[in-house]
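Since the structure comes first, as structure tokens, the remarks are kept for the end.
Quick note: residue numbers are just sequence positions, from 1. From a predicted model like this one, the values you see are computed outputs, not experimental measurements.
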Amino acid sequence: MRIGFSFWGFLGPGIVDTPDGGRFWRRAKVEELLARGHDIVLLQADRDRTEAGHSLPYTWDPGFPDIDLLYCEWRWPLPGRNTTPCGTAGHTCDLHRQDKLISHYTHALSTPTVLWDTDRQITADEPLRRVPHVVVCDPAVHPAHGAVSVMTMIPDALIDAADPARLAARPRRLALAYVGNQYDRDQAFDKFFAVAAGQFPHRVAGKWTRTEQWPHVNFTGRCAFDEVTGIYQDALTTVLLMPDRYSSVGAISQRLAESVLAGCLPITPATLIGGTRITPPQLHAADTATVVERIRWAERIDGTDEHARVIADCLTHLDPLRMSRQVDVLEQVMTSLVHLYHR
């Protein structure tokens with residue numbers, strides 16, 4: 001197939017001032033689809049070149065090239081950013097471009113369309129959900145009605161290269177770390193992280209602009225994409241903090257994979273539905289007290305054979321998220337749509 005791929009972000013490491021979590025898996029996904037014989041044309045701006053100064057060996061097209069299928073990482077209105085007129089200070093054109101692509105391909109040409117709702121922002125009453133040649137993919141264990149579960153993807157090579165014994169033996173200065181932005185995480189942070197942060201050496205890296213209620217927490221600001229692995233390698237544990245729209249359906253971000261691959265144990269709040277499919281039971285926590293107890297337990301087993309076994313168990317839980325398996329699902333969705341609707 002010739003796939004037109006719309007996303008707003010980077011294929012490479014990008015820039016510091018961006019919340020783009022898709023950098024963890026996006027380039028590997030493009031490479032996987034190319035390796036399977038598909039042709040990929042990238043339909044949003046080449047931000048790797050214009051913002052990060054990186055020239056990558058892919059095809060971008062600012063127009064409307066001939067394609068068999070439109071594949072979008074869903075963009076949604078962000079007031080003051082992508083809802084303002086083009087040319088306005090601070091404006092980004094991701095939403096305008098997506099609207100034009102959907103108008104041209106999905107509506108005018110009835111081009112088969114796959115929308116991957118990576119941030120779970122497509123509303124239940126979105127008309128596109130009812131278009132026959134459109135499939136919405138949801139990164140959740142329990143996807144929205146009518147959607148297909150396509151989870152966060154982890155490059156197979158990263159899982160295969162992870163060595164539990166070596167990761168367990170690594171010295172770690174911090175008991176606790178979190179990498180990620182504040183967006184809609186205040187409640188989870190307050191319940192599962194803030195108290196523990198007052199009892200252990202820790203770090204919170206990311207964009208957190210409203211922190212007055214947690215003066216004891218060590219917020220260190222945004223970090224570069226290439227720094228994320230090092231932060232997790234320096235920490236014994238993290239906590240999987242999710243907005244309710246994620247946790248209520250078992251949706252997870254790339255933070256799970258980033259932490260586990262670095263040997264940082266992901267303590268999993270009980271609010272994450274389907275948590276037993278995501279992490280081992282000994283890492284689950286019902287409340288603040290359990291989080292603290294789990295960190296103390298992790299300190300006791302640090303560097304031992306038990307520590308290595310827990311990391312190995314975490315890696316086993318990542319297996320369903322392998323890039324090869326998730327792209328199998330995505331490719332089947334795409335192939336079925338093109339078979340039924342391509343003209």
Do side-chain atoms of [X] reach the backbone of [Y] as a donor and acceptor pair under 3.5 angstrom?
{"X": "Thr304", "Y": "His307", "result": "yes"}
{"X": "Gln199", "Y": "Ala196", "result": "no"}
{"X": "His202", "Y": "Phe200", "result": "yes"}
{"X": "Thr106", "Y": "Ser103", "result": "no"}
{"X": "Gln98", "Y": "Arg75", "result": "yes"}
{"X": "Asn181", "Y": "Lys207", "result": "yes"}
{"X": "Asn82", "Y": "Leu78", "result": "yes"}
{"X": "Asn218", "Y": "Arg203", "result": "no"}
{"X": "Ser248", "Y": "Asp244", "result": "yes"}
{"X": "Asp61", "Y": "Gly63", "result": "yes"}

Heavy atoms of other groups near [X] [atom1], more than 12 under 6.0 Å:
{"X": "Glu293", "atom1": "CD", "value": "yes"}
{"X": "Arg2", "atom1": "CZ", "value": "yes"}
{"X": "Asp66", "atom1": "CG", "value": "no"}
{"X": "His339", "atom1": "NE2", "value": "no"}

Rounded distance (nearest 0.5 Å) linking atom [atom1] of [X] with atom [atom2] of [Y]:
{"X": "Ile252", "Y": "Arg277", "atom1": "CD1", "atom2": "CZ", "answer": "10.5 Å"}
{"X": "Thr238", "Y": "Ile295", "atom1": "OG1", "atom2": "CD1", "answer": "9.0 Å"}
{"X": "Asp117", "Y": "Cys137", "atom1": "CG", "atom2": "SG", "answer": "9.5 Å"}
{"X": "Lys191", "Y": "Leu241", "atom1": "NZ", "atom2": "CG", "answer": "12.0 Å"}
{"X": "Thr268", "Y": "Met242", "atom1": "OG1", "atom2": "CE", "answer": "8.5 Å"}
{"X": "Ile267", "Y": "Gln282", "atom1": "CD1", "atom2": "CD", "answer": "11.5 Å"}

Are [Y] and [X] linked, directly or through intermediate hydrophobic residues, by side-chain heavy-atom contacts shorter than 4.5 Å (ILVMFWY only)?
{"X": "Val141", "Y": "Leu256", "result": "yes"}
{"X": "Val16", "Y": "Phe10", "result": "no"}
{"X": "Val179", "Y": "Leu283", "result": "no"}
{"X": "Trp74", "Y": "Ile67", "result": "yes"}
{"X": "Ile40", "Y": "Met323", "result": "yes"}

Does a side-chain heavy-atom distance below 4.5 Å link [X] with [Y]?
{"X": "Leu236", "Y": "Asp302", "answer": "yes"}
{"X": "Val150", "Y": "Pro139", "answer": "no"}
{"X": "His317", "Y": "Ile278", "answer": "no"}
{"X": "Arg325", "Y": "Asp156", "answer": "no"}
{"X": "Leu43", "Y": "Phe5", "answer": "no"}
{"X": "Arg49", "Y": "Ser55", "answer": "no"}
{"X": "His96", "Y": "Leu101", "answer": "no"}
{"X": "Ser6", "Y": "Glu73", "answer": "no"}

**OP:** Any chance you could lay out the side-chain contact (heavy atoms from CB on, under 4.5 Å) test for Asp39 and Ile3, step after step, and finish with the verdict?
**Re:** CA-CA 6 Å; Asp39 185 19; Ile3 300 168; over 6 Å; no
Original post:
Within 45° of the ring axis of Phe64 and under 6.0 Å from its six-membered ring centre, is that where the NZ or CZ of Arg97 lies?
Top reply: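 Because its charged atom sits under 6.0 Å from the ring centre and within 45° of the axis, Arg97 does stack over Phe64.
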Have [X] and [Y] got a donor and an acceptor in their side chains that come within less than 3.5 Å?
{"X": "Gln233", "Y": "Arg172", "answer": "no"}
{"X": "Ser336", "Y": "Gln332", "answer": "yes"}
{"X": "Tyr58", "Y": "Glu31", "answer": "yes"}

Original post:
Passes salt bridge (Lys or Arg N to Asp or Glu O under 4.0 Å), Asp119 versus Arg245? Steps please.
Top reply: CA-CA 9 Å; Asp119 208 62; Arg245 68 180 183 277; 2.7 Å; yes
Original post:
Closest heavy-atom contact between Arg120 and Ala140?
Top reply: NE-CB, 4.2 Å
**OP:** Output, in order, the C-alpha distance, side-chain angles, deciding distance and verdict of side-chain contact (heavy atoms from CB on, under 4.5 Å) for Leu42 and Thr59.
**Re:** CA-CA 6 Å; Leu42 307 175; Thr59 300; over 6 Å; no
**OP:** List the steps and the verdict of side chain to side chain donor-acceptor pair (under 3.5 Å) for Arg185 and Tyr178.
**Re:** CA-CA 12 Å; Arg185 287 173 171 83; Tyr178 181 76; 3.1 Å; yes
**OP:** Please check if the distance between the ring centroids of Phe189 and Trp208 is under 6.0 Å.
**Re:**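 Distance test on ring centres: under 6.0 Å, yes.
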**OP:** Begin from the C-alpha positions of Arg23 and Asp226 and carry the test salt bridge (Lys or Arg N to Asp or Glu O under 4.0 Å) through to its verdict.
**Re:** CA-CA 10 Å; Arg23 289 171 291 181; Asp226 291 340; over 6 Å; no
**OP:** Begin from the C-alpha positions of Arg300 and Glu306 and carry the test salt bridge (Lys or Arg N to Asp or Glu O under 4.0 Å) through to its verdict.
**Re:** CA-CA 10 Å; Arg300 292 194 299 272; Glu306 182 180 359; over 6 Å; no
Original post:
Which residue pairs satisfy the ring-ring contact (aromatic ring centres under 6.0 Å, His included) criterion with at least one member in residues 18-55, sequence neighbours excluded?
Top reply: Trp25-Trp116
**OP:** Applying side-chain contact (heavy atoms from CB on, under 4.5 Å), run through Leu176 and Phe193 and close with a yes or a no.
**Re:** CA-CA 9 Å; Leu176 178 64; Phe193 193 97; 3.5 Å; yes
Original post:
Can you list the steps and then say if Asp287 with Thr290 is a side chain to side chain donor-acceptor pair (under 3.5 Å)?
Top reply: CA-CA 5 Å; Asp287 50 32; Thr290 315; 2.6 Å; yes
**OP:** Please report the C-alpha distance between Lys29 and Phe7 in whole Å, then the side-chain angles of each, then the deciding distance to 0.1 Å, and finally whether the side-chain contact (heavy atoms from CB on, under 4.5 Å) criterion is met.
**Re:** CA-CA 12 Å; Lys29 178 178 62 177; Phe7 67 90; over 6 Å; no
**OP:** Output, in order, the C-alpha distance, side-chain angles, deciding distance and verdict of salt bridge (Lys or Arg N to Asp or Glu O under 4.0 Å) for Asp94 and Arg47.
**Re:** CA-CA 11 Å; Asp94 53 304; Arg47 297 179 67 199; over 6 Å; no
Subject >> CA sep, side-chain torsions, deciding dist, call: Thr279, His284, side chain to side chain donor-acceptor pair (under 3.5 Å) >> reply: CA-CA 8 Å; Thr279 56; His284 296 183; 3.0 Å; yes
**OP:** Starting from the C-alpha separation in whole Å, work towards a yes-or-no answer on side chain to side chain donor-acceptor pair (under 3.5 Å) for Thr18 and Asp20.
**Re:** CA-CA 5 Å; Thr18 176; Asp20 181 24; 5.1 Å; no
